[in-house]
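Computed over heavy atoms, backbone and side chain alike; hydrogens, waters and symmetry mates excluded. Order of listing sets the numbers, starting from 1, for every ligand and every atom in it. Model, not experiment: these values are computed from the prediction.
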Amino acid sequence: MPGHPEASLRKPDAVTRLGGQTGVMEVEVRKLRQEEGEAFVRSVGVPFLSSATGDPDEVAENKDQVARIEVDRAWVASDDGRFVGNSCIYTMDLSLPASPDRECPVTGMAGVSAVGVHPTHRRKGLLSRMMAAMLDDARSRGEAVAGLIASESIIYGRFGFGHATDMAELTINSRESVFAVPAPHVDVQLLDRDEAAKVLPELYDRQRRTRAGEVSRNQEVWKEILADRPNRRHGGGGAFFAACDEGYVAYRAHDSNLLRGDLLSITVEELRGTTHEVEAALWRFVFDLDLVGQVTLKRRPVDEPIRWRLADPRQLRVADVEDRLYVRILDVPAALAARGYQSEGRLVFDLLPPSAVDGTPDPVCGRWVLEAGPTGASCRAAGAAEDADIRLVVTDLGSLYLGGFSASVLAAAGRIEELKPAGVAAADSLFSTRPAPLTGTGF
Ligand SMILES: CC(C)(COP(=O)(O)OP(=O)(O)OC[C@H]1O[C@@H](n2cnc3c(N)ncnc32)[C@H](O)[C@@H]1OP(=O)(O)O)[C@@H](O)C(=O)NCCC(=O)NCCS
């Protein structure tokens with residue numbers, strides 16, 4: 001069970017300064033200014049070892065990135081006027097576990113992104129200072145949760161972000177994709193980009209309310225997806241978009257020598273139906289494409305139901321499972337009351353701060369009472385006579401929140417302490433959700 005490690009963050013002011021150990025370096029962490037968008041995007045590339053080439057696609061993409069920045073939610077670390085660190089928040093909402101027979105509710109989420117510190121300035125606390133500023137900003141706007149996709153899983157637990165969703169990549173040879181359980185037929189239409197721009201966003205918004213973990217996409221995100229720039233195609237051709245009334249699929253082909261008898265391979269970038277039946281019908285559409293052998297299914301849920309439709313399920317291989325969304329709970333009562341619950345239950349829990357704390361009390365810490373059921377939930381501070389069932393760090397509450405991981409597994413790993421008999425079982429039954437959460441959209 002993790003304890004309360006020592007404080008390691010300082011409370012940020014509107015402008016904070018770090019006196020360097022040499023006494024020479026002074027780095028300011030501050031908000032981005034309106035005119036600094038391009039410099040911000042250039043700075044974001046440096047920590048990821050992505051150097052500007054001037055390639056027209058890169059220039060166009062950078063322009064899109066500048067347009068996407070919410071200037072009031074972007075921070076830079078500036079050393080004598082030169083950017084040496086960067087981070088930003090995208091304002092979005094997150095689909096939460098649903099109550100039985102309901103669509104997923106949503107809650108506002110601070111989508112933390114573009115985090116980086118230049119190699120010249122690492123391990124001097126700049127990320128810690130930017131993170132403190134971002135979490136303060138999110139709290140001040142009333143966002144109950146923050147979320148991010150991590151480049152390395154070791155970085156963000158200390159700030160209270162818990163690994164909350166996984167994402168799978170699957171492969172199958174379409175010639176081995178006979179269904180044992182037939183899919184319904186749906187009429188599918190191929191769309192050009194302008195048509196896709198009119199149809200896909202609305203379908204996406206309905207579909208993302210069927211699975212927890214999905215995030216909203218604004219116009220800028222759609223513009224980026226539909227632009228389908230060559231540098232985002234991973235060696236494939238341009239994307240095809242096809243839609244039916246209740247879903248759509250985006251796929252691209254990879255070259256091969258057909259005359260030598262090789263078949264094309266297909267990458268399915270995205271496939272979304274508002275029901276499982278529609279998704280199965282769209283899979284059938286893809287698997288029945290002529291000239292195609294290998295199909296790679298990207299960004300799929302770990303409980304992908306298509307496996308159970310196949311006559312020969314072993315043909316569907318799991319190529320990869322990646323950790324995806326990390327969730328930071330910022331407001332415990334609001335976050336827990338916002339999601340749906342499958343069953344009735346009550347849980348009293350002690351919540352501890354993450355290891356990186358800035359010396360001021362984190363409002364999530366304390367003893368909480370969650371009373372929840374299929375018709376609603378409430379969460380409040382516990383009274384003096386209410387003993388806790390379990391004790392955990394806020395990082396691990398982030399892992400439980402979307403139902404992607406169970407309390408019993410976290411307890412088995414020593415991350416949750418059971419204080420009363422059946423405390424962990426109560427947490428298991430309250431937080432579990434179906435279907436498994438997925439975050440199909442990167443940010
Ligand atoms: C990850 C990154 C932003 C960290 O920035 P930083 O300013 O060096 O981080 P800080 O100095 O605030 O570190 C805070 C703590 O996290 C630890 N830490 C930070 N990055 C770490 C990493 N990649 N691996 C292990 N520990 C790390 C630090 O050692 C420090 O620990 P301490 O408090 O016990 O001393 C920086 O290394 C970076 O830009 N990496 C490449 C790009 C990247 O991966 N960005 C994240 C995208 S999601």
Side-chain angles (χ1 to χ4, degrees), residues 2-13 16-22 25-30 32 39-52 65 68-69 73-80 82-90 92 109-138 145-167 215 322-328 352-360 362 393-395 398 439 441-443:
H4 291 264
E6 62 291 341
S8 64
L9 281 180
R10 254 167 297 172
K11 180 89 178 151
D13 305 310
T16 53
R17 286 183 181 278
L18 173 69
Q21 275 140 4
T22 60
M25 191 181 72
E26 270 206 343
V27 180
E28 179 187 37
V29 171
R30 62 163 171 83
L32 189 69
F40 182 86
V41 170
R42 273 199 306 278
S43 175
V44 170
V46 176
F48 292 100
L49 304 174
S50 158
S51 148
Q65 297 296 335
R68 202 180 159 194
I69 300 166
R73 307 199 83 183
W75 288 260
V76 288
S78 170
D79 185 357
D80 203 16
R82 182 189 293 260
F83 290 177
V84 296
N86 37 263
S87 60
C88 75
I89 289 176
Y90 296 124
M92 44 179 58
M109 181 179 91
V112 172
S113 187
V115 170
V117 171
H118 292 201
T120 48
H121 287 69
R122 288 190 182 143
R123 309 300 180 266
K124 296 174 192 296
L126 290 180
L127 168 59
S128 306
R129 292 164 67 201
M130 290 191 291
M131 184 59 77
M134 286 192 285
L135 297 185
D136 270 1
D137 176 86
V145 301
L148 57 79
I149 294 170
S151 61
E152 290 188 87
S153 59
I154 196 170
I155 301 174
Y156 295 103
R158 75 192 71 232
F159 300 112
F161 287 82
H163 171 191
T165 70
D166 273 339
M167 178 176 84
V215 297
E322 293 172 9
D323 50 298
R324 187 63 164 170
L325 188 71
Y326 284 69
V327 168
R328 185 4 164 147
L352 305 179
S355 59
V357 292
D358 65 0
T360 54
D362 188 324
V393 175
V394 63
T395 307
T439 312
T441 306
F443 59 91

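- The line from CH2 of W75 to CE of M131 is 10.5 Å long, rounded to the nearest 0.5 Å.
- Atom numbering of ligand 1 starts at 1 in the shown order; those under 4.0 Å from a heavy atom of E152 are 23 (N).
- Checked by distance only, ligand 1 and V117 come closer than 3.5 Å through their nitrogen or oxygen atoms.
- Qualifying side-chain contact (heavy atoms from CB on, under 4.5 Å) partners for T439, counting only residues two or more places apart in sequence or in other chains: T165, V215, R324, L325.
- At most 12 non-hydrogen atoms from other residues, nucleotides or ligands lie less than 6.0 angstrom from CZ of R82.
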### Task
Could you check Y326 against I149 for side-chain contact (heavy atoms from CB on, under 4.5 Å), going step by step and ending with a plain yes or no?
CA-CA 6 Å; Y326 284 69; I149 294 170; over 6 Å; no
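- Ligand-side atoms of ligand 1 in range of L126: 7 (O), 12 (O), range being under 4.0 angstrom from any heavy atom.
- If you look at I149 next to ligand 1, the close heavy atoms, those under 4.0 Å, all belong to the backbone.
- The option with the heavy atom closest to atom 18 (N) of ligand 1, from among H121, R122, H118, R158, is R158.
- Considering backbone and side-chain N/O of V115, one or more are found under 3.5 Å from N/O of ligand 1.
- With sequence neighbours left out, M130 forms a side-chain contact (heavy atoms from CB on, under 4.5 Å) with V29, S87, V117.
- Residues V394 and P353 approach most closely at CG1-C, 4.4 Å, considering heavy atoms.
- If you number the atoms of ligand 1 from 1 as listed, the ones under 4.0 Å from a heavy atom of P47 come out as 39 (O), 41 (C), 42 (C).
- Within the set S153, S128, A114, the minimum heavy-atom distance to atom 13 (O) of ligand 1 is found for S128.
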#### Entry: Stepwise side-chain contact (heavy atoms from CB on, under 4.5 Å) check, L135 with F161
CA-CA 11 Å; L135 297 185; F161 287 82; 4.1 Å; yes
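- Between S151 and ligand 1, a contact under 3.5 Å exists for at least one N or O pair.
- Of the options G125, A77, G116, the smallest heavy-atom separation from atom 10 (P) of ligand 1 is shown by G125.
- With a 4.5 Å cut-off on side-chain heavy atoms, Y90 and R68 count as touching.
- Within the 4.0 Å heavy-atom criterion, the part of Y156 lying near ligand 1 is the side chain and not the backbone.
- Considering backbone and side-chain N/O atoms, I154 never comes within less than 3.5 Å of an N/O atom of ligand 1.
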